[in-house]
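Here the structure comes first, spelled out in C-alpha cells, and everything after it is commentary.
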Amino acid sequence: MPYPATVADALAAELRLDGRGRLLDVGCGPGSLTLLLAPLFSSVLGIDADRDMVRRAERAAREAGVGNVRWQRLRAEELPTGLGTFRVVTFAQSFHWLDRPRVARAIRPMLGADGVWVHVGATTHRGVDGTDPLPLPRPPHDEIDALVTRYLGPVRRAGQGVLPAGTAGGEEGVMRAAGYRGPRRLTVGGGIVRERTEDEVVAAVFSLSYAAPHLFAGRRPEFERDLRRLLRTAAPAGRFAERAREVELVLWRP
C-alpha cells in the first residue's frame with residue numbers, strides 16, 4: 001500500500017521544508033517514498049542495491065513526471081562515495097537490513113548543519129487486523145503466512161540466509177553510539193481504508209523478504225497458483241479492502 005500523503009505533510013511542517021535542499025533516500029526500492037517527498041526538495045537521489053528496483057523507480061518517476069530525482073544502484077555500506085551533503089536522509093523499512101553501525105557512521109558527515117536522519121517505520125504490505133466491517137473482504141493474511149510456511153518451512157528466510165529470531169533491534173543504541181541526538185517521533189496516517197486487487201496482494205506477498213520469488217525456486221508457479229486460489233476463495237471478485245496502519249517517523253540529528 002502507498003505511504004500516506006501525511007508523511008510528506010508532517011515532515012514538511014516539522015522540518016520547514018520549502019523546496020530547497022537535497023534528499024537522499026537509502027534503500028529506495030521502487031521509489032514509493034522518494035517520489036512522495038520529491039516536491040519538498042530541489043534535488044533528490046534514490047539509491048538501492050537491486051538493479052531491478054532502480055529501473056522500476058526510474059520508470060515510476062517518468063510516469064509521474066517527476067524531474068528532480070535521479071537514481072543510482074549503490075549499496076548503503078558503500079557510502080559516502082563523494083555524494084556530498086543532504087538536508088534529509090531517509091530510510092524507509094530498510095535500515096534493519098544493513099550493517100547499521102557502519103551505515104550510521106557513514107551518513108553522519110553527509111548531513112548538513114541542519115540535516116536530519118528520518119527512519120520511516122511502516123507495515124505497508126498488510127493492514128490492521130480486525131473484525132470491523134469494511135466494504136470488501138480483508139486479505140486472508142494468516143492463511144497466506146501458513147501457505148508460505150508450507151512451501152518454505154517454519155524458519156523465516158531472508159536473502160540467502162535465515163532469520164530465526166527476526167530482524168535486529170536496538171536501533172536507538174546504534175544511533176547514539178554513532179553520535180546522533182534524539183529521537184523525535186511523529187506518528188501519521190492510519191485508519192484509511194484502501195482497496196486492493198488480487199494482483200496487488202500477490203505482489204505484496206512476493207515483496208516480503210521471507211517470501212521473495214527466488215526462495216521458491218522452481219516451485220514459484222505452483223505457489224502462486226495456490227496463493228491465487230486462496231485469494232479467490234476469500235474474494236471471488238478479486239477485490240479486497242484493508243485499513244492502513246500508522247506510520248512512525250523517527251528523526252535523529254547529527
Side-chain angles (χ1 to χ4, degrees), residues 1-4 27-33 48-57 59-60 63 92-98 120-169 189-247:
M1 290 181 282
Y3 292 102
C28 63
S32 306
L33 180 70
D48 200 281
D50 188 284
R51 181 181 288 108
D52 289 336
M53 286 290 191
V54 172
R55 288 172 177 166
R56 180 65 185 88
R59 186 164 69 249
E63 292 170 352
Q93 306 181 68
S94 61
F95 187 52
H96 57 286
W97 294 115
L98 309 177
V120 182
T123 301
T124 52
H125 73 279
R126 177 174 182 165
V128 178
D129 295 328
T131 58
D132 56 306
L134 296 179
L136 295 165
R138 287 178 169 83
H141 288 297
D142 290 342
E143 291 87 342
I144 292 171
D145 286 345
L147 181 64
V148 172
T149 298
R150 180 152 62 87
Y151 272 83
L152 299 180
V155 178
R156 181 160 288 195
R157 304 281 295 277
Q160 302 300 321
V162 296
L163 287 174
T167 52
I192 302 169
V193 175
R194 297 192 180 276
E195 292 192 10
R196 311 183 74 186
T197 66
E198 177 185 312
D199 286 344
E200 288 171 339
V201 176
V202 170
V205 173
F206 280 130
S207 76
L208 299 169
S209 61
Y210 61 85
H214 74 274
L215 297 176
F216 297 92
R219 300 188 71 193
R220 175 183 170 177
E222 180 185 352
F223 170 78
E224 185 169 339
R225 283 195 299 271
D226 286 346
L227 174 58
R228 289 186 180 276
R229 187 179 300 117
L230 175 62
L231 294 176
R232 288 167 189 164
T233 299
R239 296 171 62 236
F240 300 88
E242 294 200 79
R243 196 174 300 281
R245 295 172 182 258
E246 292 182 333
V247 177

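Note on ring orientation: taking the six-membered ring where Trp is involved, the planes of Phe223 and Phe216 are parallel (angle under 30°, cut-offs 30° and 60°).
Judged purely by atom type and a 3.5 angstrom limit, Asp48 uses its side chain to pair as donor or acceptor with the backbone of Gly29.
In this structure, the side chains of Thr124 and Val247 stay at 4.5 Å or more apart for every pair of heavy atoms. Looking at Leu33 and Cys28, their side chains never come closer than 4.5 Å, going by heavy atoms from C-beta outward. The side-chain heavy atoms of Leu136 and Leu134, taken from C-beta on, include no pair separated by under 4.5 Å.
To the nearest 0.5 Å, atom OG1 of residue Thr149 and atom CD1 of residue Ile144 are 12.0 Å apart. From Glu224, atom CD reaches atom CZ of Arg220 across 6.0 Å, with rounding to the nearest 0.5 Å. Taken to the nearest 0.5 Å, the CG atom of Leu152 stands 9.0 Å off from the CG atom of Leu147.
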* Verify salt bridge (charged side-chain N to carboxylate O under 4.0 Å, His left out) between Asp132 and Arg138, making sure each step is shown before the conclusion. => CA-CA 10 Å; Asp132 56 306; Arg138 287 178 169 83; 2.5 Å; yes
- Query: Should Tyr151 and Leu215 be marked as a side chain to side chain contact (heavy atoms under 4.5 Å, CB included) after you check the CA-CA gap, both sets of side-chain angles, and the distance that decides it?
  - Reply: CA-CA 9 Å; Tyr151 272 83; Leu215 297 176; over 6 Å; no
If you apply the rule side chain to side chain contact (heavy atoms under 4.5 Å, CB included), what do you find for Thr233 with Glu143, and how did you get there? CA-CA 11 Å; Thr233 299; Glu143 291 87 342; over 6 Å; no
Test side chain to side chain contact (heavy atoms under 4.5 Å, CB included) on Leu227 and Val148 and set out the steps. CA-CA 9 Å; Leu227 174 58; Val148 172; over 6 Å; no
In sequence, state the C-alpha distance, the side-chain angles, and the governing distance for Arg245 and Asp129, and then conclude on side chain to side chain contact (heavy atoms under 4.5 Å, CB included). CA-CA 9 Å; Arg245 295 172 182 258; Asp129 295 328; 4.2 Å; yes
Any chance you could lay out the salt bridge (charged side-chain N to carboxylate O under 4.0 Å, His left out) test for Asp145 and Arg126, step after step, and finish with the verdict? CA-CA 12 Å; Asp145 286 345; Arg126 177 174 182 165; 3.4 Å; yes
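None of Glu198, Glu200, Glu195 except one satisfies the side chain to side chain donor-acceptor pair (under 3.5 Å) rule with Arg239; the exception is Glu195.
Nearest approach of Ala244 to Val128, heavy atoms of both residues: O-CG2, 3.7 Å. The two residues Gly127 and Met1 make their nearest non-hydrogen contact at N-CE, 3.6 Å. Across all their heavy atoms, Pro139 and Ala241 have their closest contact at CD-O, 3.8 Å. Among all heavy-atom pairs drawn from Pro137 and Ala235, the shortest one is CG-CB, 4.0 Å. Closest approach of Gly189 and Glu246 over heavy atoms only: O-CG, 3.7 Å. Minimum heavy-atom separation, Ala204 to Arg196: CB-NH2, 3.4 Å.
Looking at Asp199 and Arg228, a side-chain N of the basic residue comes within less than 4.0 Å of a carboxylate O on the acidic one, giving a salt bridge.
Counting non-hydrogen atoms of neighbouring residues, nucleotides and ligands closer than 6.0 angstrom, the CZ atom of Arg194 exceeds 12 such neighbours.
Between the side chains of Gln93 and His125, no donor-acceptor pair is found at a separation under 3.5 Å.
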